[in-house]
Amino acid sequence: MSADPVRRRLLGALGASIGLTAAGLPIQLSAAGGRVVIVGGGFGGAAAARALRQLSPGLDVTLIEPSAVFRTCPFSNLYLGGLRDYGSLGHHYGYLQGPHGIRVVRATAVDVDVERRRVHLHDGGRVPYDRLILSPGIDMRWDALEGYDEAAAQRLPHAWKAGAQTRLLHRQLRAMDDGGLFVMVIPDNPYRCPPGPYERAAMVAHYCKRHKPKSKILLLDAKDGFSKQALFEQGWRDVYGDMIEWVGFSADGQVLRVDADERLAETAFGERHRAAVMNVIPPQQAGRIARQARVTDSSGWVPVKPETFESRQVPGIYVIGDAAVAAPMPKSAFCAHAQAGVTAAAVLASLANRPPPSPVWLNTCYSLIAPDYGISISGQYRLRDNAIAEVTGGISPLEAGPGLRQREADHARDWYHVMTTAIWGA
Amino acid sequence: MRKMVSFPSRRRRVFAAVLATPFLSTVMSVAAADPVPVTTLAYGCMGCHAAPAAEGSGIRTLAGRDADDLLAAMKEYRAPGGTASTSMHRVIGGYSDVELQALADHFAGQEP
């Protein structure tokens, strides 16, 4: 059918019309100029910096990020499971500064002066912008779960931002006695990385199966269902037997109070679970700078215009990644990367006083049940009636042989390598 | 929302061509909305396919590959019961023929 000459000509003509739009873009945009400042050097922010410079090589791009090394949440569960070392989670900003011409300012953005369009830094510095992209990730809500504050997190780690917290949980798990109870407290939606807690359960089980086989993993969940649930439950059962027990909201899984000294979690109906190691993933909100910039609403997250991810509340500020309300897109690293590309194009169009190009976003999230057992969820998202809609997608089949599970596990590792190299590497 | 008046003449040509070509009915839904620039389409693929892939990776790099081969492979992923894959067959359903052709040409024109 590809040999049909009429069809070929037509496809060529249509392709050319699409190509023209794209080809015309960078030339006119370079002429427009402007200063784009990005706050946050994670999957969203660092990818946005790269995408802006790729689309408009001369553009003035500044990335504000306090850490010298970014540690990824993706694959931090593999570190807990003993599949990766801690160093492999770290990525630095050298390539962004050098070959790619992005100015990286190692500082914490503490406020945004939206009138004068300047970002305030912790050291008193001021960074002016024409367009601002915030990719601040999440902050924990320290007021949302009784007994769980920053001090409590030093005993009951959340490990939901990769770094010192991840190491702490790793240490506690290694120090746990065989037969110990590992309790995970899981929040209601929305939160960072919907399948993350359940992959973590599998990775903790993988470690325990080899080193502490009498141990149990108890998941206390504030909701009645979760991402890829049937696949996770099948995988847990097949690989770890009854080591992992999940208790949903209706079965009294919602934890209302924790006691850090006693390592105790108390549910809505008053049942008390005492843990050897307790991982508390609390309710979350957009990172602090989003609240300072007044782009968050009463939910704690950031409402955005779906076609561009520009704030609905403050013009000229775009918010991508976990902080943004982008449902039905999940709060995933893959989505943050996808949003970075679309928003970079929208920011450039805005600087050139042009309407934003039509968006499309992709997502794929792999989760590991075991080193040779991966599952995934994927989706493609577009604008429908001025809202984000999933136009196609799905999850791994329940009926599948070990070959597919192995291939998905391999692809998870390939994905991590490609994505982190594309963003932070050469 | 984008205005329909942005590129009136091109839009009319596209519509006329599409209406005159019944076997390209899948293009209609895309032509009704503004086309997604190929750079945006291609950026989505980079979530997994950005070069360089790791040694022995099961995910192939797309840059510099033959356009016809790429198009055939993408259509095979999209066909019901087509090539077995982990994720491709789930995300590719949303692309029109026109978009797949644009992607194939785009990647074929890139330096490997």
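Chain naming here is simple, since letters A, B, ... match the order of the sequence lines and numbering starts at 1 in each.
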Taking side chain as C-beta onward, heavy atoms only, is Arg382(A) less than 4.5 Å from Val36(B)? yes
Give, as side chain, backbone, both or neither, the part of Tyr416(A) having an atom under 4.5 angstrom from any heavy atom of chain B. neither
Side chain, backbone, both or neither: which part of Ile423(A) has a heavy atom under 4.5 Å from chain B? neither
Contact class of Trp361(A) relative to chain B, heavy atoms under 4.5 angstrom: neither
Please confirm whether the backbone N or O of Val91(B) pairs with a side-chain atom of Thr392(A), one donor and one acceptor, at under 3.5 Å? no
Is Ile375(A) in contact with chain B via its backbone, its side chain, both, or neither, using a 4.5 Å heavy-atom distance? neither
NE2 of His89(B) to OG of Ser378(A), rounded to nearest 0.5 Å, is 8.0 Å
Output the distance between atom CE (Met46(B)) and atom CD (Gln54(A)), rounded to the nearest 0.5 Å. 9.5 Å
Pro357(A), Ser358(A), Pro356(A) screened by side-chain contact (heavy atoms from CB on, under 4.5 Å) with Asp34(B), the one that passes: Ser358(A)
With a 4.5 angstrom heavy-atom cut-off, is it the side chain or the backbone of Ala400(A) that approaches chain B, or both, or neither? neither
Rounded to the nearest 0.5 angstrom, the CG-OG distance for Leu404(A) and Ser85(B) is 8.5 Å
Distance, nearest 0.5 Å, that separates CD1 of Ile395(A) from CZ of Arg90(B): 8.0 Å
Contacting moiety of Ala340(A), where chain B heavy atoms sit under 4.5 Å: both
Please look at Pro306(A) and chain B and tell me whether the side chain, the backbone, both or neither of the residue comes under 4.5 angstrom of a heavy atom of that chain. neither
Phe334(A) and Cys48(B): which non-hydrogen atoms are nearest, and at how many Å? CE1-SG, 3.6 Å
Working to the nearest 0.5 Å, report the span between CG of Leu362(A) and SG of Cys45(B). 6.5 Å
Is there a side-chain contact (heavy atoms from CB on, under 4.5 Å) between Val418(A) and His49(B)? Walk through the geometry before answering. CA-CA 7 Å; Val418(A) 169; His49(B) 291 278; over 6 Å; no
Short side-chain donor-acceptor distance under 3.5 Å, Thr364(A) and Ser87(B): yes
Backbone of Val360(A) reached by a side-chain donor or acceptor of Tyr43(B) within 3.5 Å: no
Here the pair of heavy atoms bringing Thr86(B) nearest to Ser376(A) is O-OG, 4.2 Å
